[in-house]
Amino acid sequence: MPELPEMETYRRLLSSRIIDRPLTDVEVGREKSINVPVPVFRETLIGNSITGIERRAKHLLFYLSSGEKLLLHLMLGGWMFYGRPEDKPDRTVQVEVSFGDERLYFIGLRLGYLHLHKEAEVESLLGKLGPEPLSPDFTAERLTGLLSGKRGILKTTLVDQSFLSGIGNCYSDEICFEAGLLPSRTLPTLTGPETRRLSISMQAVLKEAVAYGGYMEDPLYKGDRLTGGYNERCRVYDRKGEPCLRCGRPVIQVELASRKCFYCENCQH
DNA sequence: AGGGCAACCCGGACGC
DNA sequence: TGCGTCCGGGTTGCCC
């Protein structure tokens with residue numbers, strides 16, 4: 001599912017393709033995916049261009065030359081394809097935006113959305129997000145500070161967007177594995193060294209996932225060799241019964257706080 | 001404060 | 001081929 005590394009991959013790859021190119025057409029296949037009437041959406045976008053793309057947590061923010069912003073959240077199973085219509089995947093498209101001959105297709109937006117906002121609206125919408133774990137000022141000391149006095153379950157806390165932004169079900173498990181910590185650990189039991197390991201593992205896992213293009217089934221464009229490069233690099237996520245890459249014992253799957261949770265009972269404590 | 005849970009949503013996978 | 005069924009899962013809001 002699209003989490004920080006996947007959205008960061010999309011941001012990088014899309015930036016070099018659509019920035020400063022005029023939007024020539026917009027089609028809305030599912031009105032619920034947007035937040036204004038279709039004619040308003042189309043009239044606002046057509047003729048505009050995108051001046052920059054920013055990622056905040058699992059969102060992408062498209063800055064329009066007119067000052068408005070498009071706020072994208074793919075939620076579960078949402079993804080994008082960029083290219084010519086003849087290369088379009090055989091999937092239901094909720095929104096498509098044309099840049100001349102090439103189009104950006106938004107696919108699988110069920111709970112996901114592409115919302116149009118005025119200048120200031122977005123900041124209040126995103127204001128409750130926690131810090132970005134890959135930002136340069138996010139240090140082990142910062143994480144220790146955030147955790148101090150806090151109760152709760154490790155995995156639940158990692159996926160809490162108001163605590164940290166951008167980590168979801170897949171990477172919370174990957175981070176716990178890398179840190180050698182059980183996802184079910186409660187925060188007050190974490191020792192200083194364990195918290196430092198958690199911090200190091202968090203950055204290592206997320207950086208590696210970004211470098212390899214994240215965990216995605218489909219390419220962003222024809223010939224895309226980056227997107228989804230992390231699929232084979234997941235150590236525990238969706239690997240139930242497969243051998244742990246560290247010790248060879250089968251990966252365990254349980255349900256934790258009504259989420260799928262994968263770990264190695266030998267390597268994580 | 002934190003945990004549990006329902007609701008949201010519907011494409012597509014799967015079974016017959 | 002065709003139809004019915006059910007799953008997935010981040011987020012919000014509500015309750016305990």
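Naming: A, B, ... by sequence-line order, numbering from 1 per chain.
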Q: Write down the distance between CG (Leu111(A)) and C1' (dA6(B)), rounded to a whole number of angstrom.
A: 13 Å
Q: Check whether Val95(A) and Met7(A) end up in the same hydrophobic cluster, where Ile, Leu, Val, Met, Phe, Trp and Tyr are linked by side-chain heavy atoms less than 4.5 Å apart.
A: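 As far as the 4.5 Å side-chain criterion goes, Met7(A) and Val95(A) are connected within one cluster.
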Q: Whole-Å distance between dT12(C) P and Lys58(A) NZ?
A: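 After rounding, the reported distance stands at 10 Å.
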Q: Tell me the bend of the helix from dG2(B)-dC16(C) to dC16(B)-dG2(C) as the angle between end helix axes, each from five pairs, rounded to the nearest 10 degrees.
A: 40°
Q: Determine, for Tyr212(A) and Arg233(A), whether the Lys NZ or Arg CZ falls below 6.0 Å from the six-membered ring centre while staying within 45 degrees of the axis.
A: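 Satisfied, under 6.0 Å and within 45°.
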Q: Rounded to whole angstroms, how far apart are CD on Glu217(A) and C1' on dG9(C)?
A: 14 Å
Q: When all nucleic acid strands are considered with a 4.0 Å heavy-atom cut-off, which category describes Glu3(A): base, sugar-phosphate, or nothing?
A: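 Result for Glu3(A) = nothing.
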Q: Hey, which of these two, Arg110(A) or Ile167(A), hits DNA chain C nearer its 5' end, going by closest nucleotide?
A: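 Comparing both residues, the 5'-ward one is Arg110(A).
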Q: What nucleotide among dT11(C), dC10(B), dG3(B) has an atom nearest to a side-chain atom of Met75(A)?
A: dT11(C)
Q: Please tell me which of Asp90(A) and Arg30(A) maps to the more 5' nucleotide of DNA chain B, matching each residue to the nucleotide holding its nearest heavy atom.
A: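 Nearest-nucleotide comparison on DNA chain B picks Arg30(A).
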Q: In terms of relative ring orientation, are Tyr113(A) and His59(A) parallel, tilted or perpendicular, with 30° and 60° separating the classes?
A: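 Tyr113(A) and His59(A): tilted rings.
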Q: Under a 3.5 Å threshold, yes or no: a donor from one side chain and an acceptor from the other, between Arg103(A) and Ser98(A)?
A: yes
Q: Using side-chain contact (heavy atoms from CB on, under 4.5 Å) as the criterion, point out the one residue from Leu256(A), Val236(A), Val254(A), Leu154(A) that pairs with Pro183(A).
A: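 Of the listed residues Leu256(A), Val236(A), Val254(A), Leu154(A), the side-chain contact (heavy atoms from CB on, under 4.5 Å) partner of Pro183(A) is Leu256(A).
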Q: Can you find a side chain N or O atom of His73(A) that sits less than 4.0 Å from OP1 or OP2 on dG10(C)?
A: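 No, no such contact exists.
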Q: Atom CG of Asp160(A) and atom P of dG10(C): how far apart are they, to the nearest Å?
A: 13 Å
Q: Among dG3(B), dG12(B), dG2(B), which nucleotide has an atom closest to any side-chain atom of Thr92(A)?
A: dG12(B)
Q: Given the ring of Tyr10(A), does Arg55(A) sit roughly above its face, with NZ or CZ under 6.0 Å from the centre of the six-membered ring and within 45° of the axis?
A: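 No, Arg55(A) does not sit over the ring of Tyr10(A).
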Q: Whole angstroms only, please: what is the CZ-C1' distance between Arg259(A) and dT12(C)?
A: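 To the nearest whole Å, that distance equals 13 Å.
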Q: Output the single nucleotide from dC9(B), dG4(B), dG2(B) whose closest atom is nearest the side chain of Arg151(A).
A: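 When the side chain of Arg151(A) is considered, dG2(B) is the closest of dC9(B), dG4(B), dG2(B).
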Q: Could you check Glu102(A), Arg17(A), Lys88(A) and say which one makes a side chain to side chain donor-acceptor pair (under 3.5 Å) with Tyr82(A)?
A: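 With Tyr82(A) as partner, side chain to side chain donor-acceptor pair (under 3.5 Å) holds for just one option, Glu102(A).
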Q: How long is the line joining CG of Leu158(A) and P of dT11(C), in whole Å?
A: 14 Å
Q: For Gly168(A), report the nucleic acid contact type (base, sugar-phosphate, nothing); a contact means any heavy atom under 4.0 Å.
A: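 The residue Gly168(A) makes no contact with any strand.
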Q: Take the protein atom CD of Glu31(A) and the nucleotide atom P of dC10(B), then report the distance between them rounded to whole Å.
A: 12 Å
Q: If you check the Lys150(A) side chain, which of dG2(B), dC9(B), dG11(B) turns out closest?
A: dG2(B)
Q: Nearest whole Å is fine: how far is dC9(B) C1' from Gln94(A) CD?
A: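 Atom CD in Gln94(A) sits about 11 Å away from atom C1' in dC9(B).
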Q: Please tell me which of Leu76(A) and Arg91(A) maps to the more 5' nucleotide of DNA chain B, matching each residue to the nucleotide holding its nearest heavy atom.
A: Leu76(A)
Q: Between dT11(C) and Gln161(A), is there an OP1 or OP2 to side-chain N/O distance shorter than 4.0 Å?
A: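 True: Gln161(A) side-chain N/O within range (under 4.0 Å) of dT11(C) OP1/OP2.
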Q: In terms of the angle between their ring planes, are Phe262(A) and Tyr237(A) parallel, tilted or perpendicular, with boundaries placed at 30° and 60°?
A: perpendicular
Q: Contact class for Ile107(A) vs. all strands (heavy atom < 4.0 Å): base, sugar-phosphate, or nothing?
A: nothing
